[in-house]
Amino acid sequence: MNKGFFITGTDTGVGKTFVAEGLIRAMKYQGLSVCPMKPAETGCRVSKGQLVPADTVRLMKASGVDEQIDTINPYRMQKPLAPSIAAEREGVCIEKRLIFNAYKKLARKYNVLIMEGAGGIMVPLYKKYLYSDLVKDLGLPLIIIARPGLGTINHSLLTIEAARTKDIKVLGLVLNHTEKTNKDISQKTNPEIITQIGKVPVLGIIQYMPPSDKDKSNIVFKKISTKLISQLH
Ligand SMILES: Nc1ncnc2c1ncn2[C@@H]1O[C@H](COP(=O)(O)OP(=O)(O)OP(=O)(O)O)[C@@H](O)[C@H]1O
Ligand SMILES: [Mg+2]
C-alpha cells in the first residue's frame with residue numbers, strides 16, 4: 001500500500017526540503033497526519049558534540065511529530081559527501097534494514113510519510129546501493145524537484161529515465177525557484193517540453209518565496225498536495 005512519497009531532486013540544493021516542508025504543512029491542513037523521514041543526512045554541523053541534521057530538524061518542525069530523531073533520520077554524517085562515502089569515512093555502517101524498520105513503524109502510525117533523499121536518485125546510500133534502489137524497495141512513488149530554467153530539461157528527463165529503468169512510479173515534477181531572478185526565457189517553455197517528452201505532469205511551479213510570503217505558499221502547496229492525496233490508496 002502506498003503510504004507516502006519520496007522527494008528527490010535533479011540535484012542538491014534544488015529545494016527538496018523547502019517543498020517537503022510546504023507539502024507537509026498543506027497535508028496537515030487538509031486533515032492528514034504526516035510524518036517526514038530523511039534516511040541519511042550529510043554535511044551536518046556539530047553542536048555540543050552532537051551532529052545536527054538541519055533538513056531533518058526543518059522537516060520535524062513542519063510536521064510537529066513527536067518522534068525520536070533517530071527514527072526520522074537513522075543516519076547522519078558530518079562530511080558534505082554522498083551518504084555512502086561520508087559513512088565510509090566516518091566509520092558509520094548504514095544498514096537498509098534499520099531504515100525499512102523505521103519506515104514500517106512510522107507508516108503504521110501516520111496517514112502519510114514524506115521521505116527526502118539526498119541530492120538525486122543516483123546518489124549512493126551505501127556501497128553500490130543507490131537511492132533509486134531504496135525508492136524501489138520501499139515501493140514509494142517519486143516526486144522530482146527541479147530547477148525551472150535552462151538545463152532543467154536534461155536533468156529532469158535523466159531523472160525520469162533513471163526512475164523508469166527501475167520501474168519506479170514518477171508522479172510528477174515540481175519546478176522550484178530557489179532564487180528571485182526571473183530572466184531565463186526557457187522557464188516558459190520547459191514545463192510543456194518536460195511533460196511531452198517525459199510523459200509526467202508538472203505538479204506545480206513554486207515561485208521564489210521570501211519567508212514573509214506565507215499566504216501565497218499555502219495556496220500553491222495545497223494545490224499540489226490535493227493532487228498527491230488523490231494518489232494515496
Ligand atoms: N521557493 C523558494 N523560495 C525561497 N527560498 C527557497 C525556495 N526553495 C528553496 N529555497 C531556499 O533555497 C535553499 C535550498 O533549498 P533546500 O534546502 O530545500 O534544497 P534541497 O534540495 O533540500 O538541498 P539538499 O540537497 O542540501 O537537501 C534553502 O535555503 C531554501 O530555504
Ligand atoms: Mg534538503
Side-chain angles (χ1 to χ4, degrees), residues 4-26 34-45 51-63 69 72-87 113-125 130-132 134-135 140 142-149 151-152 155-156 158-159 162-163 172-184 187 190-191 202-225:
F5 307 99
F6 192 95
I7 308 242
T8 193
T10 50
D11 198 355
T12 186
V14 291
K16 295 183 292 294
T17 310
F18 187 87
V19 174
E21 285 174 296
L23 290 178
I24 288 169
R25 291 204 177 94
V34 191
C35 186
M37 254 194 100
K38 174 100 183 175
E41 183 158 349
T42 59
C44 300
R45 69 182 170 87
L51 289 175
V52 182
D55 282 8
T56 304
V57 171
R58 279 166 64 185
L59 295 170
M60 286 184 78
K61 201 171 160 199
S63 65
I69 195 161
I72 307 289
N73 168 234
Y75 295 105
R76 66 197 73 114
M77 276 75 66
Q78 190 178 357
K79 291 192 176 21
L81 292 166
S84 67
I85 307 158
L113 256 80
I114 304 256
M115 189 180 284
E116 182 187 342
I121 53 164
M122 297 298 279
V123 167
L125 177 57
L130 308 179
Y131 270 91
S132 57
L134 179 73
V135 179
L140 287 170
L142 200 65
I143 300 162
I144 301 166
I145 315 303
R147 293 196 174 86
T152 207
H155 293 153
S156 300
L158 283 171
T159 305
L173 272 100
V174 174
L175 301 176
N176 180 48
H177 290 254
T178 55
E179 288 167 7
K180 228 175 190 169
T181 49
N182 210 8
K183 287 183 186 146
D184 178 350
Q187 290 171 12
N190 284 337
V202 171
L203 298 166
I205 298 172
I206 316 271
Q207 297 305 321
Y208 175 80
M209 292 169 192
S212 54
D213 216 350
K214 270 201 164 159
D215 289 346
K216 201 168 146 196
S217 78
N218 283 344
I219 297 164
V220 187
F221 286 120
K222 267 183 221 155
K223 277 191 184 157
I224 302 174
S225 145

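Order of appearance sets the numbers: ligands from 1, and atoms from 1 within every ligand.
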Contact between Lys38 and ligand 1, counting heavy atoms under 4.0 Å? yes
To check you understand the geometry: which heavy-atom pair defines the closest contact between Val220 and Met209, and what is its length? CG2-CE, 4.3 Å
Separation between OG (Ser132) and CG (Leu125), nearest 0.5 Å, reads 10.5 Å
Looking at atom 19 (O) of ligand 1, what's its closest protein heavy atom, distance included? Gly15 N, 3.1 Å
Measure the shortest side-chain to side-chain distance between Met115 and Leu134 over non-hydrogen atoms and say whether it is less than 4.5 angstrom. yes
Return the residue, atom name and 0.1 Å-rounded distance of the protein heavy atom closest to atom 4 (C) of ligand 1. Met209 O, 3.2 Å
Closest heavy-atom contact between Leu173 and Ser156? CD2-OG, 3.3 Å
Minimum side-chain heavy-atom gap Ile114-Leu59 below 4.5 Å: no
Closer than 2.8 Å to the Mg ion (ligand 2): how many protein N, O or S atoms are there? 3
Considering all heavy atoms, the nearest Thr42-Ala82 contact: CG2-C, 4.3 Å
Of Thr178, Asp11, Leu59, which has the heavy atom at the shortest distance from atom 12 (O) of ligand 1? Thr178
Nearest-neighbour protein heavy atom for atom 5 (N) of ligand 1, which is reported as residue plus atom name and distance: Tyr208 CE1, 3.8 Å
Would you tell me which option among Arg58, His177, Glu21 has the nearest heavy-atom contact to atom 2 (C) of ligand 1? His177
Under 3.5 Å, side chain of Glu41 to main-chain N/O of Ala54, donor-acceptor pair present? yes
Subset of ligand 1 atoms that lie under 4.0 Å from at least one heavy atom of Thr12: 24 (P), 25 (O), 26 (O)
Name the closest protein heavy atom to atom 27 (O) of ligand 1, giving the residue it belongs to and the distance to 0.1 Å. Asp55 OD2, 3.0 Å
Given side chains that start at C-beta, do those of Pro36 and Leu113 come closer than 4.5 Å, heavy atoms only? no
Is atom 7 (C) of ligand 1 close to the protein, meaning a heavy atom under 4.0 Å from it? yes
With heavy atoms of Glu116 as the reference, note each atom of ligand 1 found under 4.0 Å away. 22 (O), 27 (O)
Ligand 1-proximal atoms of Val19, by part, heavy-atom distance under 4.0 Å: neither
Which of the ligand 1 atoms, numbered from 1, are nearer than 4.0 Å to a heavy atom of Ile206: 1 (N)
For atom 10 (N) of ligand 1, what is the closest protein heavy atom, and at what distance to 0.1 Å? Phe18 CD1, 3.8 Å
Between Thr152 (side chain only) and Gly149 (backbone N and O only), is there a donor and an acceptor less than 3.5 Å apart? no
Tell me which protein heavy atom sits closest to atom 20 (P) of ligand 1, plus the residue, atom name and distance to 0.1 Å. Lys16 N, 3.4 Å
Specify the closest pair of heavy atoms between Cys44 and Val52, including all atoms of both residues, with the distance to one decimal. CB-O, 3.3 Å
Within the 4.0 Å heavy-atom shell around Gly13, which atoms of ligand 1 are there? 14 (C), 19 (O), 20 (P), 21 (O), 23 (O), 24 (P), 25 (O)
Output all residues satisfying side-chain contact (heavy atoms from CB on, under 4.5 Å) with His177, sequence neighbours left out; order by chain, then residue number. Pro148, Asn182, Gln187, Ile205, Gln207, Tyr208
When you check the gap from the basic side-chain N to the acidic O, do Lys38 and Glu116 get nearer than 4.0 Å? yes
Sub-3.5 Å donor-acceptor pair from the side chain of Asn73 to the main-chain atoms of Pro53, do we have one? no
Non-hydrogen atoms of Gln207 versus ligand 1: any pair closer than 4.0 Å? yes
Does Met60 reach the side chain of Ile69, with side-chain heavy atoms less than 4.5 Å apart? yes
